[in-house]
Amino acid sequence: MPSALTPSAARRLRAALDDQLSALGEPAFAGTDEEAVAAATRAVLRAEEPHRPALKAAVRCSLAVLADRAPGRSLEVRVPPYGAVQVIEGPTHTRGTPPGVVETDPLTWLRLAVGAAEWDDTLHDHGVRASGVRSDLSAHLPLWPGEGAGQASA
């Protein structure tokens, strides 16, 4: 389990994932917590109308995976209204506007997380707003290389 993913967040994720999978006519998920994050992300992207709890859990937990893999406090990644994390080593941000900010909507974030969208293309198309010298997340995305592009369409 990623260290930034709390046990209670993992429980909420699994419940929301199983509800979303049921709505898609698929069986309940059995796997590790991090695999559940990837599965929830893909399930939300497959759904015509994602369940709000599944969308919220997938965003929050995928942000936790990013925070675990790219620790630091020099860049804030925001996915309103569901979450924000500080990542990437560098100058520490403690208050006020951080030196670097990445912001996007929930579905765009999830597409980036699984590789169904490319960082540079999304940035160019204004699906992501990024500022600051450490705001390029292309080295950290997708979170699950090789798993996403063919399995998540939206």
Side-chain angles (χ1 to χ4, degrees), residues 1-24 26 28-29 31-88 93-119 121-123 125-132 134-138 140-144 147-149 151-154:
M1 171 168 62
S3 60
L5 184 60
T6 66
S8 62
R11 281 192 301 276
R12 286 190 301 272
L13 169 75
R14 285 178 174 279
L17 170 58
D18 286 343
D19 286 346
Q20 185 68 70
L21 289 172
S22 177
L24 291 168
E26 299 176 17
F29 181 79
T32 68
D33 287 340
E34 186 165 335
E35 290 168 343
V37 178
T41 300
R42 290 190 302 270
V44 164
L45 292 173
R46 283 194 313 275
E48 191 172 310
E49 298 230 2
H51 289 188
R52 181 176 165 87
L55 178 60
K56 179 180 177 179
V59 167
R60 287 185 174 182
C61 293
S62 60
L63 286 171
V65 170
L66 176 66
D68 195 54
R69 293 185 184 173
R73 296 179 54 93
S74 69
L75 177 69
E76 187 165 282
V77 180
R78 300 174 181 166
V79 184
Y82 299 119
V85 293
Q86 291 184 357
V87 296
I88 312 293
H93 164 66
T94 56
R95 75 164 72 171
T97 303
V101 175
V102 168
E103 187 168 326
T104 190
D105 65 273
L107 291 175
T108 299
W109 168 251
L110 296 179
R111 287 182 193 108
L112 287 165
V114 297
E118 295 291 326
W119 174 259
D121 294 341
T122 306
L123 189 62
D125 294 340
H126 305 289
V128 170
R129 289 162 302 287
S131 64
R134 290 177 176 82
S135 64
D136 183 354
L137 289 177
S138 61
H140 304 285
L141 296 171
L143 295 173
W144 303 281
E147 291 185 25
Q151 298 176 15
S153 61

Supply the atom-to-atom distance [X] [atom1] to [Y] [atom2], rounded to the nearest 0.5 angstrom.
| X | Y | atom1 | atom2 | result |
| --- | --- | --- | --- | --- |
| W119 | L137 | CH2 | CG | 4.0 Å |
| E26 | D18 | CD | CG | 11.0 Å |
| E34 | T32 | CD | OG1 | 6.5 Å |
| L112 | L107 | CG | CG | 11.0 Å |
| Q20 | L45 | CD | CG | 10.0 Å |
| Y82 | R52 | OH | CZ | 4.0 Å |

For the residue pair [X] and [Y], establish whether any side-chain heavy-atom pair is separated by less than 4.5 Å.
| X | Y | answer |
| --- | --- | --- |
| V102 | E76 | no |
| V101 | V77 | no |
| V37 | L17 | no |
| L5 | D68 | no |
| W144 | E35 | no |
| H140 | L66 | yes |
| P53 | R12 | no |
| T122 | W109 | no |

Only one of T104, V79, L143, T41 passes side-chain contact (heavy atoms from CB on, under 4.5 Å) with L110; say which it is.
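Exactly one option meets the side-chain contact (heavy atoms from CB on, under 4.5 Å) with L110, and it is T41.
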Strictly distance-based, threshold 3.5 Å: is any side-chain N or O of D105 a donor or acceptor partner for the main-chain N or O of P80?
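Not a single qualifying donor-acceptor pair exists.
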Can you give me the closest heavy-atom contact between [X] and [Y], atom names plus distance?
| X | Y | value |
| --- | --- | --- |
| A130 | L123 | CB-CD1, 3.8 Å |
| A57 | A16 | CB-CB, 4.3 Å |
| S135 | L75 | CA-CD1, 3.7 Å |
| A47 | L24 | CA-CD2, 3.8 Å |
| G115 | P142 | N-CB, 3.4 Å |

Applying side-chain contact (heavy atoms from CB on, under 4.5 Å), run through L21 and R46 and close with a yes or a no.
CA-CA 10 Å; L21 289 172; R46 283 194 313 275; 3.7 Å; yes
Atom CZ of R69 with >12 non-hydrogen neighbours under 6.0 angstrom:
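Yes, because the 6.0 Å sphere around CZ of R69 holds more than 12 heavy atoms from other groups.
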A quick test of your reading: do over 12 heavy atoms of other residues, nucleotides or ligands sit less than 6.0 Å from CD of E103?
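Above 12, so yes.
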Cut-off 3.5 Å, side chains only: do D19 and S22 have a donor facing an acceptor?
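No donor-acceptor contact under 3.5 Å links the two side chains.
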